[in-house]
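Okay, structure first, notes after.
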Amino acid sequence: MNQAILAITILATTVVAALSPDGTGPTGSSDCTVQAWVRAEDLAPSYVSHGELRIKVWQAHCADKIASVALRLQLDEFGEVKHLRQDAVIPEIKKADNQTLPDDLVSLGYFRASDLANEVVYDYGPYDKAMSDPEIWVVHAQERRAWSTEVTLFENNHNFSRPLVKPFIVGSPAVNFPPSFKSSRQRTSSGLHQRHVYSDLGYHYIAVVNFTDGRTVDLRAGYTTFLPTFRKPSAAPFNWNGTFAEPENCEKDLPQTRKMLDDMERCLPADLRSVFVAEVTLEDGNAIHRGSPLKGRVTVRATNGSTEMSDISVFPFLAETFHWPVERATTGGDPDFNALICHWRGFRSSEAISVDSYSYLFKTTDGKDPFSFPNDYPGGYGLLTEAKPYLDFELPIPTTTIPDFPSYYNSMVTALSIQLTVSYSLDAAKCILGADRFKRYTRDVEDERTAKDRLEEGLWDSYTPVYEEEVHVDSTLWMRSLILKTIVPIVVPGDISEQPVEHYLTPGQPSPIILSSLADGVVFLPAQPVIIEEPLADTSARLMNSEGTFDPYQSWRITTYHEVPDPAAQYNQGDYAGLLWKKKLAAEENLKETIVAVDEGDQHRFVAP
Ligand SMILES: *[C@@H]1O[C@H](CO)[C@@H](O)[C@H](O)[C@H]1NC(C)=O
Ligand SMILES: *[C@@H]1O[C@H](CO)[C@@H](O)[C@H](O)[C@H]1NC(C)=O
Ligand SMILES: *[C@@H]1O[C@H](CO)[C@@H](O)[C@H](O)[C@H]1NC(C)=O
Ligand SMILES: *[C@@H]1O[C@H](CO)[C@@H](O)[C@H](O)[C@H]1NC(C)=O
Ligand SMILES: *[C@@H]1O[C@H](CO)[C@@H](O)[C@H](O)[C@H]1NC(C)=O
């Protein structure tokens with residue numbers, strides 16, 4: 001998770017634009033490089049957010065080349081879908097004529113010779129090729145510019161020999177707009193896309209710089225977010241029953257997946273397995289307050305079948321739904337779309353964009369290290385036994401949890417996932433794995449040890465309490481277990497307010513307005529959303545790529561990735577305006593505390609000239 005977040009941070013480089021005929025890069029000594037930053041409060045319903053625009057011109061000779069600078073703020077949303085055409089059929093993956101596997105598979109260390117010995121070789125060619133066939137698939141992507149608002153902040157040839165800062169405000173009507181979050185596309189493991197959805201949204205500030213010679217450039221100046229408000233939810237205790245099930249496998253087309261499922265069914269028939277039911281109680285109801293823990297109990301009941309429960313984990317996760325893509329797909333001839341979309345949607349940070357994510361940049365008085373885990377690691381995991389078939393949990397719900405919110409292309413919803421590990425017999429494992437692999441995996445497994453042995457063993461580790469037996473981890477468990485899931489519906493509201501607020505997709509709602517000061521008077525106008533269709537060639541370049549393969553013996557060879565067009569790639573690039581605003585406040589606070597009245601001038605270091 002952390003690595004993924006890091007990757008996004010690296011992508012978020014500051015945009016520097018140069019004055020050149022096409023606005024793309026410096027071309028000679030007379031070129032001017034301009035950079036723009038915004039720091040501003042987050043947006044919220046019926047709220048006036050304050051902010052400042054900073055413009056820096058890098059070359060001394062360019063200080064007087066800027067005629068004017070306007071600041072634009074806009075909300076962009078993005079959605080895309082790839083679905084089957086009506087009555088289209090993806091070719092089956094058939095047994096290959098040539099049953100010889102490439103001979104470097106073993107020598108390169110990717111596979112074991114013994115595992116390849118009886119392997120059936122399939123021809124993935126026609127199947128892979130079908131992934132980029134426009135006769136089979138429909139791809140569609142569009143952006144919705146929900147609103148855009150602009151004000152001129154610098155006029156009349158300012159002297160930019162030093163960076164200049166100008167204040168502005170953004171007035172927001174009593175309307176809830178979506179909260180913003182970070183996301184990025186994930187590469188599929190095969191390099192190819194089957195059914196697919198993706199969506200994103202972003203609020204960005206753009207500085208529109210007019211040069212004295214008449215040229216104009218748009219500079220990304222940062223991004224922000226919106227904090228929708230919610231009515232106080234009910235806090236009645238919540239009881240819920242659900243049956244555990246194996247997650248649907250969306251790769252049933254692939255022979256290796258089919259073989260695995262067939263082996264499972266042959267060795268561990270589904271109707272002989274135990275049925276597990278979860279009974280969940282949430283003390284304070286299923287509406288979760290961000291910043292306080294979610295407390296509850298899950299009890300598991302089982303019928304007497306061929307599987308046994310072993311451990312359980314409970315955690316909140318982002319259970320996003322994609323109403324726009326699903327609607328397009330189902331009306332476009334692919335009725336099974338929703339059940340069959342694979343998980344390659346993109347990486348979503350499960351955090352909303354929030355200043356709370358950056359506490360490590362601000363010296364806290366309690367000296368807590370924000371990177372360290374709390375001592376008592378969140379209690380969302382435990383072993384289940386017949387004597388204690390329940391788990392009491394207490395999960396931290398960070399203040400940065402994305403509140404539930406439906407937007408134009410998708411809906412953000414947090415749900416509670418309960419995962420139950422169930423085990424089956426060693427005989428079934430042997431049947432599923434085949435004798436060879438089973439033998440290899442069990443070679444190191446010790447015989448059952450006595451309680452005395454385990455007491456002794458427990459003295460030789462650093463986690464077993466004294467006088468207790470070593471925490472017995474059955475080393476064969478991993479090869480004879482299944483993970484079952486059930487999803488508990490919960491509600492995560494954001495900030496609570498009793499003020500009536502409309503949802504932004506209700507027709508006729510006004511949109512935020514940017515102004516140079518409150519004195520200009522805030523007059524809201526109805527939003528006029530604009531839909532911008534992405535050219536089909538660009539969407540196809542992204543979703544109908546023809547390199548890559550589902551063949552497990554070939555996919556690792558695919559190493560070439562091409563840059564593809566992506567309108568959403570720039571969402572939330574640059575700096576988060578809310579963070580820079582918080583730094584300003586913290587710095588001013590710091591000045592007040594430490595340099596009180598030393599120099600009046602210093603107090604104004606953070607204020608616009
Ligand atoms: C069969 O495939 C192997 C490995 O790809 C190759 O070396 C061999 O030449 C092929 N044989 C025929 C008859 O195509
Ligand atoms: C702009 O300001 C700098 C520094 O204050 C000054 O040296 C320079 O002469 C000014 N340029 C113009 C065109 O006024
Ligand atoms: C900046 O340039 C654009 C395009 O030439 C023009 O439409 C706009 O009015 C200019 N803005 C200002 C504040 O002069
Ligand atoms: C859940 O199941 C238990 C046991 O069968 C039952 O007592 C309880 O009423 C059920 N709760 C709900 C909310 O259906
Ligand atoms: C559960 O099933 C096993 C094997 O079918 C049987 O030996 C055992 O007595 C059963 N236990 C209960 C509580 O019914």
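One-based numbering, in listed order, for ligands and for the atoms of each.
- Judged as a side-chain contact (heavy atoms from CB on, under 4.5 Å), and not counting sequence neighbours, the contacts of Thr399 are Asp356.
- Within ligand 3, the atoms closer than 4.0 Å to a non-hydrogen atom of Ser68 are 11 (N), 12 (C), 13 (C), 14 (O), numbered from 1 in the order shown.
- Applying the side chain to side chain donor-acceptor pair (under 3.5 Å) rule to Ser497 yields no partners; only residues at least two apart in sequence or on another chain are considered.
- Test Val170, Leu75, Val48 against Leu43 for side chain to side chain contact (heavy atoms under 4.5 Å, CB included) and you get one pass: Val170.
- Qualifying side chain to side chain donor-acceptor pair (under 3.5 Å) partners for Thr385, counting only residues two or more places apart in sequence or in other chains: none.
- Cation-pi check for Lys388 over Tyr390 is met; the charged atom lies under 6.0 angstrom from the ring centroid and within 45 degrees of its normal.
- Ligand 3 has no N or O atom lying under 3.5 Å from any N or O atom of Glu155, backbone or side chain.
- If you look at Tyr203 and Phe177, their ring centroids are not closer than 6.0 Å.
- Residue Asp64 places no N or O, backbone or side chain, under 3.5 Å from any N or O of ligand 2.
- Aromatic rings of Tyr205 and Tyr223 (six-membered ring for Trp) have centroids beyond the 6.0 Å cut-off, not under it.
- Gln59 and Thr33 are linked by a side-chain donor-acceptor pair at a separation below 3.5 angstrom, with hydrogens and angles left out of the test.
- Listed by chain and number, residues touching ligand 4 at under 4.0 Å (heavy atoms only) are Asn239, Asn241, Glu279.
- Those atoms of ligand 3 with a heavy atom of Thr152 less than 4.0 angstrom away are 13 (C).
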